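Everything on this sheet refers to the single structure shown next.
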Amino acid sequence: MEHTSKVIHGIGVSPGIAIGKAYLLERGRIPVPHSVLLGEEAVAQECKRFEDSVSRAVSDLESIRQSIHPDYKDHFHVLEVHQMILKDRLLYDETLRLIREENLNAQWALMRSLAKAREIFGALDDEYIQSRVADVDAAAERVLRVLSGQERNTFENIRERVIIVAHDLSPADAAQLQIEKTLGLVIEMGGRTSHTSIIARSLNIPAVVAAEHATRWVPMGDILIVDGTTGKIIINPSEEEISTYYERQQELENYLKEINRKAHLPARTRDGHLVKVEANIEMIEEVVAAKDHGAEGIGLYRTEFFFMNRTDFPDEETLFKEYRDLAELMAPQWVTMRSLDLGAEKLATWYPRIEEANPALGLRSIRLCLHYRDLFKTQLRAILRASRDTANIRLMFPLVSGVGELLEAKQVLNEVREELTLHRIPFDESMPLGVMIEVPSAVAVADMLAREVDFFSIGTNDLIQYSIGIDRANEHVAYLFEPLHPAVLRFIGQTVEAGHKAGIQVALCGEMAGESLYVPIMLGLKLDSLSMNPQSVPRVKNLISRSSLKECRRLVSKALKLTTAGEIQQLLERTMIKDFPEEFRVFNPNSLTVEEFTVLTKRRTRNRKRNRP
Ligand code: PEP
Ligand code: MG
């Protein structure tokens, strides 16, 4: 009989290849009986049964929380949120009321109060709160399982090394992941920055998210191949596919082992030019990965992640301790802390949301901080205080649009410094200050901004969005999200030039910093440092040390004469195949020779012209 395998695609969010048996994290329906209670005694008993079940669910969550390795504890604030939801009026009191007043059995009463909670959340027209409905569901499901005596088909039943396939992984689920038994992850939900993706990357587990209908297509126990780089999943692969991927897995592992050995050396080009390679982190736990992969500092700490998934604003002391720990862990290397970059897609519950037609153009980032000054000051105070002992913290403001806004933010910083001085609270008086260059207006006045700060860091994720005028998260215009758009490259070049003229260093910390294809162009644009996800550090360092600045400069001159991102991409791919064939082959499964590549790119150009939307 002919072998049939099936291929589905998602987004590869944690590189590597997993080959193994699928374990479906079942979310089987829990039966919800409906009955009416007769007599006061039955009602009292049912109330007690419900209260006991909630206590049991809360204590289960507590034991999960306790069992989490201390290094990962901060990933799981949401467990506390689930514990709180269970005791919240909306679910707890309402369910008890329904049992008492309408004589309903506990499961049915809980379903009714859950429906009401969903309705209330749904009517709020607040994306963040609506996304919290999943937490309410997950918390309620836990109680329902206790009430029905049905424990979940979960991680405890896993007896061998498997690839976990699930619709979604709640933080509670992720907390129970047994690393040694988890070969890979396939998740139907999520994106590059979802919780699961961040955890998978920091645990080095190959993972694919946004794999639509994976739980429908993948039968329990079937063999899977998961490619965490390309996002490809092969269900029930042929012998031939398995051996091809084993070879790739081996090749990838050998390649990474080889470059990891050199990851702790400085990244110096063949002609002696030194480039700093740093890591982007969202949580303090990622410091381990950053150090292991040879990062020479933290080039971007996205501080806002510590503020999300929380029910209230963390106080100054909590922030101070977090920042001081981070600074101590990294000392003597730099930690570049970005002040809160909340708003747009990064939301938190504890500040009053303002209705906006265009959140990406609205009250986000530094604008939000200048609006809620107390919050801003609290964070700045914590950062300054944490800088005292190790003096290795640098601060930068995100999304600054011009000098006026920068001066306003600097004014707030000065007020905080004065307050601390007045109260004799010590801090690093020479803490360097920088701005992120993320909007075209900042590029246009980069020379003026440069006079006011100690460094620049270019945030290309936003710079691309705002210069091309496309929503970075909108799949309909994703084809226009072009890091190699000539305008973007010019903007980067102009920023570097303005910075260097003023004698300050210029870094790049958008996603493109970690893409090996772009390394020669970023070198040629004379960036002083690149900051990226920790896993990319060894690859980028390796490519830098094998490049020549002079040749990269020539490449940039050539690239800047080309008129489209497509042509520049082809130029870079040709360079890559010629100069770094192993890197290209290992990360491009269908690796090509230069001749094959030339044929393919011609065909691609033709198709692109034909398929323009
Ligand atoms: C950027 O915009 O490039 C950046 C680094 O910041 P974020 O992705 O957090 O907006
Ligand atoms: Mg940004």
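For reference, positions follow the sequence shown, starting with 1. Just so we're clear, the structure is a prediction, and the values are computed from it rather than from any experiment. Ligands are counted one by one from 1 in listed order, and the atoms in each one are counted from 1 as well.
In this structure, Arg385 is positioned above the aromatic face of Phe320, its NZ or CZ under 6.0 Å from the six-membered ring centre and within 45° of the axis.
Within the set Met436, Arg338, Glu438, the minimum heavy-atom distance to atom 2 (O) of ligand 1 is found for Glu438.
Only the side chain of Arg302 comes within 4.0 Å of ligand 1, judged by heavy-atom distances. Residue Asp341 touches ligand 1 through its side chain alone, judged by heavy-atom distances below 4.0 Å.
Here the angle centred on the Mg ion (ligand 2), running from OD2 of Asp462 over to OE2 of Glu438, is 100°, rounded to 10°.
Looking at Phe580 and Arg546, their side chains come closer than 4.5 Å, going by heavy atoms from C-beta outward. Under the 4.5 Å side-chain criterion, counting only non-hydrogen atoms from C-beta, Arg394 is not in contact with Val335. The shortest side-chain heavy-atom distance between Leu413 and Leu384 falls under the 4.5 Å cut-off.
Surrounding CZ of Arg490 are at most 12 heavy atoms belonging to other residues, nucleotides or ligands under 6.0 Å away.
Each of the atoms 1 (C), 2 (O), 3 (O), 10 (O) of ligand 1 lies under 4.0 Å from some heavy atom of Asp462. Within ligand 1, the atoms closer than 4.0 Å to a non-hydrogen atom of Leu300 are 5 (C), numbered from 1 in the order shown. Close contacts of ligand 1 with Gly510, meaning ligand atoms under 4.0 Å from a residue heavy atom, involve 3 (O).
Once rounded to the nearest 0.5 Å, the distance linking CG of Asn204 with CD of Gln535 reads 5.0 Å.
Below 3.5 Å of separation, one finds an N or O of Thr460 facing an N or O of ligand 1.
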